Protein chains: 2
Amino acid sequence: MPAEPSQAAGRVTISEVAAEAGVGRATAARTLGGYGHVSPELRQRVLAAAEKLGYRANALARSMSTGVSHTIGVIVADIGNPFFAGLVGGVCDASRARGFDTIVLSTYEDLDEEVAATNVLIDKRVDGMIIASAAVSGREVGHVKEALKRGVPVVLVDRAIPALDLDAVVIDNRDAAREAVERLIAAGHRRIGFVWGPSMTQPPATRRELLAAAARNLWTDGERLRGYLDALDDARIPFDPELVMVGRKVEERATEEVARMLALPNRITALFCTETEAMTGALRALRAARLSYPRDVSLIGFDDSAWAAVMDPPLTMIEQPVHGLGAKAAEVLLDIVQGAEAGRETHTLRSRLIVRSSVGPPPGA
Amino acid sequence: MPAEPSQAAGRVTISEVAAEAGVGRATAARTLGGYGHVSPELRQRVLAAAEKLGYRANALARSMSTGVSHTIGVIVADIGNPFFAGLVGGVCDASRARGFDTIVLSTYEDLDEEVAATNVLIDKRVDGMIIASAAVSGREVGHVKEALKRGVPVVLVDRAIPALDLDAVVIDNRDAAREAVERLIAAGHRRIGFVWGPSMTQPPATRRELLAAAARNLWTDGERLRGYLDALDDARIPFDPELVMVGRKVEERATEEVARMLALPNRITALFCTETEAMTGALRALRAARLSYPRDVSLIGFDDSAWAAVMDPPLTMIEQPVHGLGAKAAEVLLDIVQGAEAGRETHTLRSRLIVRSSVGPPPGA
DNA sequence: CTGTTAGCGCGTTCAC
DNA sequence: GTGAACGCGCTAACAG
């Protein structure tokens, strides 16, 4: 098998195809690129030559001249977390359906990592990016503005950034939390613990202090906390700082804090958990205290899963449209990429309270 | 603000930086690209100009001339699945640490999608790819060979392909399954159900038929089944085709099949579940039959999670190093990308049986 | 050490 | 309809 040009690494170029077909590069490019007009005859010759040589377009080169990479980026806290995994799945599926591929970057809630991630995506000339940002204040959004300034469309997902007037795809965390806590209140509870939320080193002395802390933390955490307070307010239940968790958001800490709330003289009779590990941490504390739900304490948590449904008793949970969040974000982004005006609006998807059997009346009732 | 060249979309090129600094393109390229030698003086001038203009290298153009994209691809069944999410997290983290980014593609176990995915990655000129392939037979690996032929290194993860002599990063599924089933046997069980595995439409009449079906299905499923049989054989427990699940691998089906096994005259006293949803499906069947574990039936499952630990009683589970699988695969791949010889070996990571409280003696004992 | 020049592979005017 | 020639932004030989 002699003389075949660059058979080497199977890297066949359009010129080689043209040569094989006996036509000019442009003709080959036109038929292979699917643009312009080519006579049926030459067209066939080119196609045959491409087939024979095993030609595959070099997307990089194509991007070079067209300026579009058909690639988007998605930046989340942790792709290993089932919530973000589902969300990223939605992004990948929706973008793939429209001919785009997805680069995934995890930041582990580190703002510097997030900045680095946007730079990577800018450098790789993605056509747009989706960010579940850890940024909260107006000073932390420089990297997002930078991307925008460089012509890379951005849509926010899961977490809105009030300081930024951008398209965002979220659920109504505040309302979902309020509904859950209302449910607890309706069952007769007045001592309701809030597990997980804005991370604080000090217990908040006042409600104002709590909200201030929330403003320095993740948007979702703040919203869920506000929903909790909303429900309390509506029912005229005074806010008790002792009933909110303080410290790092890790399962162990949730266990400790719930244990503390359980040891209070006037102890909690219900718990609202804002995340999976807040719930599992709480469950550990209950077991350690030899308490059971919903008899001793009622439970509602965020992020439903197959496990929550098979717990005994099954857990009442808030289900988020994880896949939908990502898919919608991709749709909105690609609409912009493909010419639509950036809507700069907040798209709110519906969450759903799945009522099972972890809520009952408080012990005394 | 007049006359600034292509201030337009912030798309500053290296030539503009060179002009601003009053040096040749090459000098600018050398300092900005971090290669070759440049005098400290000019170096400073270039850096200042780049800073002033907000220069960012175009990774696409760079890839064009260097031939490396600093991007790898990872192909899995479903990024939304916590197992693959963790695995992909490992890939992303490990590759990012070495300056590479990751494109993620889900195939939903569809071989055509898998082929399409490899093509996408080839076209985008990734430097390598990691695949958890749905391919089993030698005829289904054309796309993998194609990638290899085109010079794109491939490493397999989670699932080996015996027909292919490639680097693979896996756990010893067979051994892990055997250990779990042995544990059940040691507790006195002889009627042990196998939930989830090679999907079959017909119940296997014989053991031979079962193994034949396994050969047409996912590698992991076959291995876990073999481990189950190994343990049975060692204990001289005859294989009973009625104790293996038949049908599609969905939670509902697991529930139905476990219900069936529970209704058998000589019913099961233990269950080995090979995946999360096989376990949750089984749990649903137990509840429906008003049976509890480990009193009525003992349980061991694959893929540990925070939920499994807070079940009551907590579940004995096999923990896979999900993040580690992905990270190791990325390491092996990047070693090859960066010049190492493809080892063509199977790297086996350790899984771990986490003993909790879902195994007890059989009811009669 | 520095600047000039030639590609990388493809899209795209512009004459033929 | 078709083909030659130029440009995308960068790296890498090659001279100076």
Side-chain angles (χ1 to χ4, degrees), chain A residues 5-6 8-46 49-50 53-70 122-127 150-151, chain B residues 5-6 8-47 49-50 53-71 122-127 150-151:
Chain A
S6 72
R11 243 70 179 183
V12 183
T13 77
I14 213 166
S15 307
E16 300 181 76
V17 174
E20 173 75 26
V23 302
R25 321 167 188 288
T27 305
R30 275 191 277 264
T31 86
L32 263 14
Y35 57 91
H37 286 210
V38 179
S39 74
E41 241 187 271
L42 293 191
R43 183 181 175 67
Q44 277 314 313
R45 295 231 308 266
V46 172
L53 266 36
Y55 170 79
R56 300 229 101 232
N58 182 332
L60 256 36
R62 184 168 284 175
S63 298
M64 272 290 1
S65 39
T66 61
V68 308
S69 61
H70 282 278
I122 289 173
D123 292 352
K124 292 231 160 128
R125 296 301 190 262
V126 295
D127 297 327
R150 290 178 188 272
Chain B
S6 71
R11 242 74 180 182
V12 183
T13 76
I14 211 166
S15 308
E16 300 180 79
V17 175
E20 173 76 26
V23 302
R25 323 167 182 288
T27 305
R30 275 191 277 263
T31 85
L32 264 12
Y35 59 92
H37 286 211
V38 179
S39 73
E41 239 187 273
L42 293 191
R43 183 180 175 68
Q44 277 315 313
R45 294 230 309 266
V46 172
L47 257 23
L53 266 36
Y55 171 80
R56 299 230 102 232
N58 182 332
L60 256 37
R62 183 169 285 172
S63 299
M64 259 320 335
S65 40
T66 59
V68 308
S69 62
H70 282 278
T71 304
I122 289 172
D123 293 352
K124 292 230 160 129
R125 297 300 189 263
V126 296
D127 297 328
R150 289 177 188 273

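Since the model is a prediction, treat every value here as computed from it, not as a measurement. Hydrogens, waters and symmetry mates play no part in the numbers below; they use all other heavy atoms, side chains included. Here is the naming used below: chain letters follow the sequence lines, and residue numbers restart at 1 for every chain.
Of all the heavy atoms in B:Ala50 and B:Leu32, the pair that sits closest is CB-CD1, 4.1 Å. Here the closest non-hydrogen pair linking B:Ile14 and B:Tyr55 is N-CE1, 3.6 Å. Heavy-atom minimum distance, A:Ala18 versus A:Gly24: CB-O, 3.6 Å.
Each end of the helix from C:dC1-D:dG16 to C:dC16-D:dG1 gets its own axis, taken as the rotation carrying the C1' atoms of four end pairs onto the next four within a five-pair window, and the two axes meet at 40° to the nearest 10 degrees.
For DNA chain C, the outermost nucleotides in 5' to 3' order that have an atom under 4.0 Å from a heavy atom of chain B are C:dC1 to C:dG9.
Side-chain contact check for A:Val46 versus A:Val38: every heavy-atom pair is 4.5 Å or farther apart.
Partners of A:Arg25 by side chain to side chain contact (heavy atoms under 4.5 Å, CB included), not counting sequence neighbours, listed by chain and number: A:Ser15. Among residues two or more places apart in sequence or in another chain, the side-chain hydrogen bond (donor to acceptor under 3.5 Å, both in side chains) test is passed with A:Ser39 by none. Scanning for salt bridge (Lys or Arg N to Asp or Glu O under 4.0 Å) contacts around A:Arg30 gives an empty result, with sequence neighbours left out.
A donor-acceptor contact shorter than 3.5 Å links the side chain of A:Glu16 to the backbone of A:Thr13.
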Could you go through residues 57-71 of chain B and list every donor-acceptor pair under 3.5 Å that involves a side-chain atom there, pairing it with any protein atom two or more places apart or in another chain?
unit_1  : atom_1 : unit_2   : atom_2 : d
B:Asn58 : OD1    : B:Leu60  : N      : 2.8
B:Asn58 : OD1    : B:Ala61  : N      : 3.2
B:Ser63 : OG     : B:Ala59  : O      : 2.8
B:Ser63 : OG     : B:Val68  : O      : 3.1
B:Ser65 : OG     : B:Ala61  : O      : 3.4
B:Ser65 : OG     : B:Arg62  : O      : 3.4
B:Thr66 : OG1    : B:Arg62  : O      : 2.9
B:Thr66 : OG1    : B:Val68  : N      : 3.2
B:Thr66 : OG1    : B:Val68  : O      : 3.4
B:Ser69 : OG     : B:Thr71  : N      : 3.4
B:Ser69 : OG     : B:Arg125 : O      : 2.8
B:Ser69 : OG     : B:Asp127 : OD1    : 3.4
B:His70 : ND1    : B:Gly99  : O      : 3.4
B:Thr71 : OG1    : A:Lys124 : NZ     : 2.9
B:Thr71 : OG1    : B:Ser69  : O      : 3.0

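Here B:Leu42 lies in heavy-atom contact (under 4.0 Å) with sugar-phosphate atoms only.
Note: A:Thr31 OG1 to A:Leu42 CG = 9.0 Å, rounded to the nearest 0.5 Å.
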Quick one, give me the B/S/- string for nucleotides 8-16 of chain D, reading 5' to 3', where B means a protein heavy atom under 4.0 Å from the base and S means that only happens at the primed atoms, P, OP1 or OP2.
BBBBBB---
